[in-house]
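Chain identifiers are assigned alphabetically (A, B, ...) following the order of the sequence lines, protein sequences preceding nucleic acid strands; residue numbering begins at 1 within each chain.
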Amino acid sequence: MRILFPDSSSKNFEAGTTGLEIASDISRGLARNALLVRFNGRLLDLEEPLEDDGSIEILTFSDEEGRRTLRHSCSHLMAGAVQKLFPGTILGIGPAIDDGFYYDMRIPDFPGISAFEDIAEEMRRQVKEDIPFIRMEMSCDEALELFRERGESFKLELLDELREAGENISVYRHGDFVDLCRGPHVPSTGYLRNFQLLSTAGAYWKGDEKNPMLTRIYGTVFDSSKSLNAHLEMLEESRKRDHRKLGPELGLFAMGGEGGPGLAYWLPAGTIVREELESHWKKAHVKAGYQLVSTPHIAPAELWKTSGHYDYYHDNMYFLDVDKGEYALKPMNCPGHILIYKNSRRSYRELPMRLAELGVVYRCEKSGVLHGLMRVRGFTVDDGHIFCTGDQIVDEIQKVVRFALYFLRIFDFGYSIELSLMDPEDPERYAGEPEEWRKVEPALARALNEMGEDYRTVTGEAAFYGPKIDIKLRDALGRYWQGPTIQFDFNIPQRFNLTYVGDDGGEHRVYMVHRALFGSVERFIGNLIEHYAGNLPGWLAPTQVVILPITETQLEKADETGRIVSEAGLRCMVNGRNETVGYRIREAETGKIPFMFIIGEREAESDRVALRVHGEGDRGSMELDLALEIVKAGCRRPELPE
RNA sequence: GCUGGCGUAGCUCAACUGGUAGAGCAGCUGAUUUGUAAUCAGCAGGUUAUGGGUUCAAGUCCCUUCGCCAGCUCCA
């Protein structure tokens with residue numbers, strides 16, 4: 001048979017040759033790293049004999065499918081170990097996930113993570129034994145028989161569904177362990193040396209709270225101990241950077257307890273961070289052609305009925321009585337901005353009209369989803385709404401994307417873009433005319449293409465009211481977070497009958513785009529804290545310079561220097577506490593204050609300071625003016641966008 | 001919201017099977033006058049999250065409520 005390789009070379013092999021043998025034929029290294037193959041588009045076990053001509057791709061840990069296969073195989077290994085140690089364990093499902101795997105099981109008398117060492121020990125034993133994973137294909141009835149015998153009630157349920165779907169049934173076995181599984185798997189347990197069990201949690205069977213709760217065990221596996229350790233170190237680093245720990249430690253905000261769940265209280269230092277961020281945001285928006293507006297926190301229920309929120313967002317809203325009428329705290333800013341648009345008859349000459357507001361919204365999130373600043377009940381959306389004509393769409397989208405990327409660049413975030421489109425199979429789900437969608441969706445794609453931005457198209461992920469562009473931001477640890485979002489809305493302009501008068505003198509429906517760049521100021525600051533591990537850029541640092549007189553004798557000089565530094569527009573503090581310099585330096589270092597001016601006898605008599613930079617150390621004694629220039633450069637606010 | 005875990009001083013943590021709540025750091029006072037990440041001493045700090053129950057006796061056992069954490073679900 002003729003096998004075609006990805007580099008378009010080809011070679012003849014005897015029919016029945018396996019992927020592993022082909023890999024060995026190419027190189028020993030590839031054979032060692034190979035985990036599975038893609039043959040004519042299908043993912044197959046390495047040891048599956050290939051019978052026909054076809055194109056082959058040998059997949060390793062550096063391929064997404066390779067990682068998933070390794071991890072999925074490890075979930076089998078783990079479940080097998082659990083079943084051996086806890087007889088009577090019934091299997092749920094055990095998929096690979098980003099960075100690892102889990103397995104949901106009903107485990108009798110499971111003691112929790114204290115069992116991890118025993119489970120890991122059993123897994124290591126089976127790794128050493130290098131037990132092969134064996135694929136078996138069978139009829140649905142045979143599989144039912146097999147799993148009925150083994151008491152796997154959840155698997156029987158899955159088999160019933162598979163039968164309805166008319167799927168082929170395959171089963172994988174290693175040692176005594178048997179699991180219903182589509183595959184593929186790595187050849188044997190020996191591949192799974194570098195695993196780590198991570199955590200345990202409850203999870204409902206099929207994610208439905210009416211179903212029984214199973215025990216979920218999370219773990220991960222890598223291709224080498226080196227990459228496993230790097231991953232574990234990253235997890236450790238994530239814990240250290242947790243904004244819920246760093247934020248209160250650095251005096252930025254307080255949460256929880258008497259203040260109510262999901263509500264942040266910004267302390268003076270944190271408020272400086274907010275104010276700096278918001279002030280830059282406002283300046284940048286004015287420069288980018290937005291008009292700033294401000295809308296109330298409450299509005300009559302009628303407004304929310306018109307917008308539709310009253311019906312479809314009711315559970316997330318807070319209501320109150322005002323003058324016997326029903327009011328609601330705003331969960332979104334769009335209706336307010338719409339009223340501003342509707343305040344007068346709009347001409348095409350006014351478009352595009354861009355309105356922006358740092359609008360505080362309240363949403364009644366379920367208690368279980370609250371998470372530090374990332375998910376709260378009251379937060380500030382850096383909201384913007386663009387009203388424009390159909391001809392302006394491409395240009396406006398490009399402007400917004402560029403603007404969003406500007407904000408990510410300021411903070412050295414990476415990013416990846418997703419374009420979410422409607423599901424053409426199910427047009428009923430969506431608001432607006434299909435022809436509008438057919439016009440706008442390609443315009444979004446065109447906007448991104450023209451800018452040369454890479455993006456992933458996800459069909460069926462559009463909101464019901466319109467297609468959208470989501471930009472995920474990637475932080476210093478390589479983690480992705482919800483970032484800027486740009487959403488078209490065919491629904492709300494219709495509900496409010498938003499129009500403009502065109503150059504033909506007729507009324508036209510206006511196009512509307514919602515966009516938020518930070519998403520929420522609170523969450524974005526949470527991201528910044530973790531991204532920078534608390535070492536915020538100089539311009540955001542609540543205190544930028546600490547002045548440390550070595551002894552009381554230099555206190556007066558320190559105060560005088562402090563005045564000069566403040567007059568230079570920097571936030572500074574004099575720390576003349578009765579403590580050793582070493583102690584006060586330590587306070588400044590742990591407080592993550594970017595710069596220190598240390599003034600001893602030598603400096604005091606010559607208008608010099610000894611500059612110390614956070615995280616770097618002593619930069620030596622220098623003229624105050626020079627030190628000030630260095631600090632100013634380190635605390636300079638970012639340039640406004642073009 | 002659901003399931004599980006947790007809740008002791010501002011923070012980090014002690015207190016054997018129920019038997020007098022304790023330490024370090026932070027805070028305050030004083031001494032010390034300090035040269036690049038912790039000077040020394042003293043003082044103060046608690047209705048053990050909350051309300052109830054069992055007991056001669058509860059931080060410890062049981063129940064309630066609240067909050068936090070993990071996960072599920074949700075996320076216009």
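- Remark: the R375(A) side chain and the C74(B) base include a donor-acceptor N/O pair separated by less than 3.5 Å.
- When rounded to the nearest whole Å, the span between CZ of F595(A) and C1' of U36(B) equals 16 Å.
- Between the side chains of H243(A) and E530(A), at least one donor-acceptor pair of N or O atoms lies under 3.5 Å.
- Within the 4.0 Å cut-off from OP1 or OP2 of A37(B), not a single side-chain nitrogen or oxygen of T590(A) is found.
- Pairing for G27(B) is with C43(B), a Watson-Crick or G-U wobble pair whose two hydrogen-bonding atom distances lie under 3.5 Å.
- At a threshold of 4.0 Å, the pair R509(A)-E436(A) does not count as salt-bridged, since none of the basic side-chain nitrogens sits closer than that to a carboxylate oxygen.
- For the residue pair S621(A) and E603(A), a side-chain donor N or O sits within less than 3.5 Å of a side-chain acceptor on the partner.
- One interatomic measurement links the two molecules: CE of M317(A) to P of C75(B), which rounds to 17 Å at whole-angstrom precision.
- Residue order along RNA chain B, read from the 5' end via each residue's closest nucleotide, puts R584(A) first among R363(A) and R584(A).
- For Y218(A), counting side-chain heavy atoms from C-beta on, the closest listed nucleotide (G35(B), G71(B), A70(B)) is G71(B).
- Taking 3.5 Å as the limit, the base of G35(B) and the side chain of E603(A) contain a donor-acceptor pair of atoms between them.
- Comparing C56(B) with A49(B), their P atoms are spaced 24 Å from each other, to the whole Å.
- The distance from atom CD of E365(A) to atom P of C75(B) is 10 Å, rounded to the nearest whole Å.
- Nucleotide C66(B) forms a Watson-Crick or G-U wobble pair with G7(B), both donor-acceptor distances falling under 3.5 Å.
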